[in-house]
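In this chain, numbering begins with 1 at the start of the sequence shown.
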Amino acid sequence: MPTLLRLDSSADLRSSTSRTLTGVFAETWQARGPGHPVVERDLHRSPLPHLPDAALHYAPRLRAEGENPVADAERVQEELLAELSAVDAVVIGAPMYNWSLPSTLKAWLDYVHVLGTSVPFDTDDQPFAGLPVVVVASRGQAYSEATENAGDDNAVPPLVRVLATSMGMAVTVVTAELTLAERIPAMAPLAGKARASLDAATERVRELAATLGGS
Ligand SMILES: Cc1cc2nc3c(=O)[nH]c(=O)nc-3n(C[C@H](O)[C@H](O)[C@H](O)COP(=O)(O)O)c2cc1C
């Protein structure tokens, strides 16, 4: 049973682009057949506590004497890692907030990136190697090389650095940009480009969900 984990983090419960796109991904996944369940974790509606203890960044065998995270925090970390272990693909809604990630999504990343447990450190362990992950990045402006904002995207790079480079997951990024064209009058002339970006992202998430969901 190919199972999808859908993670959302947008604080916009009315018109979020990333939620719309992760929703399209999940619907396409489920439409592959009854054996295609979707596990949902909404990091905004049910936020994780910020990482309460630095020791959680290290496998228990790498912790110094006296580094004993509280049991509740250990349980949260174990639950998140078990959730990842149990699925066949992940789709992550990643809006840009202040050129970075929503703190809710960053908290999730801080729990699952564990030296010696989920990333190789003193051993070669990389339990999530190859796990397909689709990052759906939504942002108000545009950040491609050709724009004046090039280099200001601090949202996607940390996700790719942690999930792909460190944890070995197979990460694909789908971007919907210029979403503020609908809200900011001065950006209204960019509405056509925004629509084209959303249309392309919608098509791409459908394709990816259909391919990764298999038959
Ligand atoms: C708190 C906050 C900070 C934002 N910061 C940025 C920013 O730095 N750069 C940008 O291009 N858009 C920024 N935006 C606009 C969002 O990236 C945009 O609305 C995007 O569509 C959010 O994703 P969502 O539609 O899934 O909620 C910000 C929006 C919010 C609510």
Side-chain angles (χ1 to χ4, degrees), residues 2 4-12 16-29 38-44 80 84 87-113 118-119 126 128-181 190 193-214:
L4 172 71
L5 173 61
R6 172 184 175 185
L7 292 177
D8 283 303
S9 61
S10 171
D12 180 354
S16 159
T17 297
S18 61
R19 285 178 183 276
T20 300
L21 290 168
T22 58
V24 169
F25 193 103
E27 279 161 23
T28 309
W29 183 276
V38 177
V39 175
E40 298 192 358
R41 180 176 284 280
D42 193 321
L43 296 164
H44 176 73
L80 295 174
L84 262 186
V87 300
D88 302 280
V90 186
V91 62
I92 302 177
M96 178 182 283
Y97 282 0
N98 295 310
W99 298 281
S100 180
L101 295 173
S103 56
T104 49
L105 179 53
K106 179 61 164 50
W108 177 83
L109 206 57
D110 288 341
Y111 276 101
V112 300
H113 186 204
S118 63
V119 303
Q126 211 177 25
F128 300 105
L131 181 66
V133 176
V134 176
V135 170
V136 175
S138 53
R139 59 273 308 279
Q141 307 268 356
Y143 291 85
S144 69
E145 284 305 319
T147 67
E148 62 180 15
N149 300 321
D152 284 343
D153 176 5
N154 301 298
V156 169
L159 282 168
V160 171
R161 180 65 184 82
V162 171
L163 301 178
T165 314
S166 293
M167 296 173 77
M169 297 177 180
V171 176
T172 305
V173 179
V174 178
T175 303
E177 61 183 17
L178 297 171
T179 64
L180 286 177
L190 297 168
K193 282 189 175 172
R195 167 53 54 188
S197 175
L198 180 60
D199 288 349
T202 306
E203 196 180 320
R204 185 74 181 121
V205 294
R206 273 207 193 98
E207 263 171 31
L208 285 163
T211 307
L212 295 171

Would you tell me whether R161 and S166 have side-chain atoms, one donor and one acceptor, within less than 3.5 Å of each other? yes
Pair V134-V90, side chain to side chain contact (heavy atoms under 4.5 Å, CB included): steps then yes or no: CA-CA 6 Å; V134 176; V90 186; over 6 Å; no
How long is the straight-line distance from CG of L7 back to NE2 of H44, given to the nearest 0.5 Å? 15.0 Å
State plainly whether the residues R206 and E203 are in salt-bridge range, i.e. N to O under 4.0 Å. no
Nearest atoms (heavy-atom pairs only) where T28 meets A210: CG2-N, 4.0 Å
For T165 and Q126, the nearest pair of non-hydrogen atoms, with its separation, is O-NE2, 4.2 Å
From R195 atom CZ to L190 atom CG, the distance as rounded to the nearest 0.5 Å: 14.5 Å
State, with a plain yes or no, whether a side-chain heavy atom of S144 is found less than 4.5 Å away from one of T147. yes
Of all the heavy-atom pairs spanning V173 and A137, show the shortest one and how long it is. CG1-CB, 4.4 Å
Between the side chain of W108 and the main-chain N/O of S103, is any donor-acceptor distance below 3.5 Å? no
I would like to know whether L4 and D88 meet side chain to side chain contact (heavy atoms under 4.5 Å, CB included); could you show each step before the answer? CA-CA 6 Å; L4 172 71; D88 302 280; over 6 Å; no
Please report the shortest heavy-atom distance between A94 and L159, naming the atom on each side. CB-CD1, 3.7 Å
Measure the spacing between CG of L21 and CG of L198 and express it to the nearest 0.5 Å. 5.5 Å
To the nearest 0.5 Å, what is the distance between CG (L208) and CH2 (W29)? 11.0 Å
Test item: side-chain donor near acceptor, N154 and S100, under 3.5 Å: no
Side chain to side chain contact (heavy atoms under 4.5 Å, CB included), that's the test. Do F25 and V38 meet it? Break it down for me. CA-CA 10 Å; F25 193 103; V38 177; over 6 Å; no
Any side-chain heavy-atom pair from D152 and Y143 closer than 4.5 angstrom? yes
D8 side, atom CG; R41 side, atom CZ - distance, nearest 0.5 Å: 12.0 Å
For V162 and M167: C-alpha separation, side-chain torsions, deciding distance, then whether side chain to side chain contact (heavy atoms under 4.5 Å, CB included) applies. CA-CA 6 Å; V162 171; M167 296 173 77; 3.9 Å; yes
Minimum heavy-atom distance R6-A26, with the two atoms named: CD-CB, 4.1 Å
Can a salt bridge be assigned to the pair E177 and R139 using a cut-off of 4.0 Å between side-chain N and carboxylate O? no
With a 4.0 Å cut-off on N to O distance, would you call R19 and D42 a salt bridge? yes
Residue that, paired with I92, satisfies side chain to side chain contact (heavy atoms under 4.5 Å, CB included) out of V136, V171, L101, L163: L163
Main-chain N/O of T104 paired to S9 side chain as donor or acceptor, under 3.5 Å: no
Under the 3.5 angstrom rule, does the side chain of Y97 hit a backbone N or O of A11 as a donor-acceptor pair? yes
Value rounded to 0.5 Å, distance of CG in L178 from OG in S138: 12.0 Å
Examine distances only and state if a side-chain atom of S16 and a backbone atom of S10 form a donor-acceptor pair shorter than 3.5 Å. no
Of all heavy-atom pairs between L84 and F128, which one has the smallest distance, and what is that distance? CB-CE2, 3.5 Å
